[in-house]
Each structure stands twice: as structure tokens, then as C-alpha cells.
Amino acid sequence: MSTSVTSDAPKTVFRVGTRKSALALLQADYVVGALRKLHPSLDFEIKGMHSTADKDKITALYKFGGKGLWTNELEAELKLGEVDFIVHSLKDMPTQLPEGFVLACVTPREDPRDVVVVKKAFQDKYKTLADLPAGAVVGTSSVRRMAQIRRRYPHLEFKDMRGNIDTRVKKLDAEDSEYSVLILAAAGLLRSGRQDRITQYLESTTEGGGMLHAVGQGGLGIEARADDQKTLDLLKPLEDNKAMLACEAERSVMRTLEGGCSIPIGVETKWVEDNKLKLVATVVNVEGTEAADAEQTDEIKTREEAVAFGIKVAQQLTDNGARKILDVINAEREANQDKKEPWVPA
């Protein structure tokens, strides 16, 4: 933080890091707007940066190696003190943060589900994945989405789709586009006012076979330095306790399973009673031909209980065959480690 001088008195300025995409800036604006209402005497400055994945919009996401694809550059600024905290899409945050950093706050969660967006020319013909004919092309850069859809709809084809929401929708709607539909996060469309393009919400109960969303999807995670108590105290009132507990449980499942690499895991959390959390999870191989599923419900009141709950669900996944799937994924990763574009499931 820094101090700016006005005609009345010095004003404390908190510097907010975020990716430079339109949606990321919109999310940072939301957080800053909430903080300004709570702290009208403070000022906030948003600093946008391009991540590794933002700079390379050609390579499929699953071909990038390592973690922190969306976060490394921002965390370097946080470490140097150039920003005081970072606003992330929580699904982009690694489950293991660098030493000295903490997940300071999870704000109220937007709809975490994935959705179907149909090409405009086909909107009178198709609404759902089950409507699509054999060979129809689904646009996505997520192995998690590909794997789960292949499991339920093996007759569909897939092609990589990168770019921000506007870019992807324009590619979909282009007259010469080979895509029939896109799979996107509901949260991004809802936050950017494009909900009219949603034709189907995908969840565990979706007719014809459900799909589980990414860990943390729909949530905003705010990362700060662990020793910056002033910033941690500033952010705490923004936290949504139920969202934090659900997301901590989801992140614990992934942290327990991933063992150093990203995995195509889907999750879904729902509060079924005041303090009882239901967590459904799946690990699917890339071809969609093998899967391990888990489901647990437990009383969750603290962050520690949420983490322990996630570990229990991860163990059930392992007992149901997840380890075999993960061993194949890890073997593929190792075999491609020295290649120019290492294959790592996203």
C-alpha cells in the first residue's frame, strides 16, 4: 500500500493485482467497489497484467506445463510489494500457494456450473448436448470438460477454443465456423451480462448424464501476503463463509490427488442443510472411457473440517479407481516432459 496526498490529508492507497482480460478487470472492479463501500476513506488502484496463458492464445491450455499458468506473474508483483492483494478467478489458483501467501478471502460465489452456448445459426435446432448429432464439434480448451462429455456423449467431436468470451463467441458464430457449441463457465457469462446465450446448464442431475464443474469455479479468491495483517483485516468482511468452506473442500480434493500436476477432476458442492455439505466428485480419463466417482455429505463448520472433508472424498475417489487413471496421466506427463509443448491435463 502507499499514501497519496490530497488537498485535505494523505490517503492510503491499496494496489490491486489482476489479469488484464475484460472479465478479470470486471471482477477486480466488483471487489474494489465492495471495499470502497466499506472503507470510503481509502483509495484503490487496479493494476492489470497479462499472464502466460494470456500472452499465448494459440497453444491449447492442456499443453502448457506446470502450475500457476494464470497466476505466476501476479504473484511475483505481490512478493515484490508492487501490489497489496490479487483478485483471481478461484478456479485458476493453484491449490498449493507459494510460501508466504494465503487465500485471504473468498467472496460470494456466482453460479459455478458449466453451460452450453449454441452457434446462433443452430439455435432453432439445438439447445442441449443431447440434441447434437454425431460428429458435431464442441469447442473447449479444458480436458476436464472434454473427458466428462466424451464419457456421456462419445459421438461428439472436440476442437480447442481459446480467447476471451467475446472472441470465443465470435469464433462460434462465424459463418464458416465448424463449431456447433461452446462449453463455458456460467459465471463469466453472468458477470459480463451475456446470460442470454446460455441454452443449457450442466450439473450432476442434467438429463442424459451430468457434468461436474472445475474446483473453485464461480468463486473469486483474493490472495495476499500472510504477514500483511492490515490487508488481511481489510479483506475479511468480504468473505462469504459458506462459499469459502465449499471451495476449501473442493480445493482439498484436488490438492490431495494431484501430486504435482493438474488433473481432469470435476466437483459439485451443495449445502443440503444449514451446516451439511454434499460433495460429488469425479476423475475421468482423457478418452472418457474410465472414471472414478465419489459422493459424501458431512457437517462442515470450519476451514479445517472442510479440508479434512476434501481429503476423505479424495480417498473415496482413490478407492474407486482414480489412482489408475492418475498413474496413466502422470506417465503421459513424464513421457512428454522434454517436448516443446508438454502435455498436462487442465
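Along the sequence shown, the residues carry numbers beginning at 1.
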Between [X] (side chain) and [Y] (backbone), is there a donor-acceptor pair under 3.5 Å?
| X | Y | value |
| --- | --- | --- |
| Arg251 | Val307 | no |
| Arg194 | Val169 | no |
| Ser252 | Glu248 | no |
| Arg197 | Val118 | yes |
| Arg255 | Thr95 | yes |
| Lys119 | Ala174 | yes |
| Ser89 | Lys91 | no |
| Gln148 | Gly288 | no |
| Gln217 | Pro112 | yes |

Report the C-alpha distance between Arg150 and Glu287 in whole Å, list the side-chain angles of each, state the deciding distance to 0.1 Å, and finish with yes or no for salt bridge (charged side-chain N to carboxylate O under 4.0 Å, His left out). CA-CA 7 Å; Arg150 279 186 177 127; Glu287 296 78 20; over 6 Å; no
Between [X] and [Y], does any side-chain donor sit less than 3.5 Å from a side-chain acceptor?
| X | Y | value |
| --- | --- | --- |
| His213 | Glu268 | no |
| Asp84 | Thr231 | no |
| Ser177 | Asp173 | no |
| Gln200 | Asp131 | no |

Atom [atom1] in [X], atom [atom2] in [Y]: separation rounded to 0.5 Å?
| X | Y | atom1 | atom2 | result |
| --- | --- | --- | --- | --- |
| Ser204 | Glu295 | OG | CD | 8.0 Å |
| Leu172 | Thr167 | CG | OG1 | 12.5 Å |
| Leu42 | Leu35 | CG | CG | 8.5 Å |
| Asp298 | Leu279 | CG | CG | 10.5 Å |
| Lys324 | Leu326 | NZ | CG | 12.5 Å |
| Asp166 | Ser192 | CG | OG | 7.5 Å |

Checking Glu203 against Arg113 for the salt bridge (charged side-chain N to carboxylate O under 4.0 Å, His left out) test, could you report, in this order, the C-alpha distance in whole Å, the side-chain angles of both residues, the deciding distance, and whether it holds? CA-CA 6 Å; Glu203 56 191 317; Arg113 294 174 292 179; 2.9 Å; yes
If you measure from the Lys or Arg side-chain nitrogens to the Asp or Glu carboxylate oxygens, is any gap between Arg109 and Glu250 under 4.0 Å?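 The answer is yes: the pair qualifies as a salt bridge.
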Residues, nucleotides or ligands: over 12 heavy atoms within 6.0 Å of [X] [atom1]:
| X | atom1 | value |
| --- | --- | --- |
| Gln229 | CD | yes |
| Asp124 | CG | no |
| Lys278 | NZ | no |

Contact summary for [X] and [Y], nearest pair of heavy atoms:
| X | Y | result |
| --- | --- | --- |
| Arg225 | Phe101 | CG-CE2, 4.0 Å |
| Pro154 | Arg151 | CD-O, 4.4 Å |
| Gly321 | Ala292 | C-CB, 3.8 Å |
| Leu277 | Thr269 | CD1-CB, 3.9 Å |
| Pro237 | Asp233 | CD-O, 3.3 Å |
| Ala104 | Leu232 | CB-CD2, 3.6 Å |

Does one hydrophobic cluster hold both [X] and [Y], with members joined at side-chain heavy-atom distances below 4.5 Å?
| X | Y | answer |
| --- | --- | --- |
| Met146 | Val181 | yes |
| Val137 | Ile149 | no |
| Leu235 | Tyr30 | yes |
| Leu132 | Met161 | no |

Applying side-chain contact (heavy atoms from CB on, under 4.5 Å) between Val106 and each of Leu245, Asn241, Leu90, report the one that passes. Leu90
List the steps and the verdict of salt bridge (charged side-chain N to carboxylate O under 4.0 Å, His left out) for Arg145 and Asp114. CA-CA 9 Å; Arg145 289 168 176 156; Asp114 285 314; 2.7 Å; yes
[Y] side chain reached by [X] side chain, heavy atoms, under 4.5 Å:
| X | Y | value |
| --- | --- | --- |
| Phe85 | Glu223 | no |
| Phe14 | Asp43 | no |
| Lys171 | Glu178 | no |
| Glu305 | Arg303 | no |
| Val83 | Leu74 | no |
| Leu238 | Ile222 | yes |
| Leu129 | Val116 | yes |
| Asn275 | Ile300 | no |

Could you give me the CA-CA distance, side-chain angles and deciding distance for Tyr201 and Thr206, then say whether side-chain contact (heavy atoms from CB on, under 4.5 Å) is met? CA-CA 8 Å; Tyr201 286 87; Thr206 299; over 6 Å; no
Can you check side-chain hydrogen bond (donor to acceptor under 3.5 Å, both in side chains) on Thr107 and Glu239, steps first, answer last? CA-CA 5 Å; Thr107 67; Glu239 179 142 282; over 6 Å; no
Might you work through the side-chain hydrogen bond (donor to acceptor under 3.5 Å, both in side chains) test for Thr282 and Asp293, ending with a clear yes or no? CA-CA 4 Å; Thr282 188; Asp293 301 308; 2.7 Å; yes
Apply side-chain contact (heavy atoms from CB on, under 4.5 Å) to the pair Asp92 and Arg19, showing each step before the final yes or no. CA-CA 11 Å; Asp92 296 335; Arg19 287 172 54 208; 3.7 Å; yes
Run the numbers on Leu202 and Val115 for side-chain contact (heavy atoms from CB on, under 4.5 Å), then give the verdict. CA-CA 6 Å; Leu202 301 171; Val115 296; 5.9 Å; no
Just do the side-chain contact (heavy atoms from CB on, under 4.5 Å) check on Leu220 and Val31 with the steps written out, would you? CA-CA 9 Å; Leu220 296 183; Val31 170; 4.2 Å; yes
Could you list the donor-acceptor pairs under 3.5 angstrom formed by side chains in residues 182-191, with sequence neighbours left out?
| residue | atom | partner | partner atom | Å |
| --- | --- | --- | --- | --- |
| Arg191 | NH1 | Gln27 | OE1 | 3.1 |
| Arg191 | NH2 | Gly218 | O | 2.8 |

Think Lys312 forms a cation-pi with Phe309, using NZ or CZ under 6.0 Å from the six-ring centre and within 45 degrees of its axis?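 No; the conditions do not both hold, so Lys312 does not lie above the ring face of Phe309.
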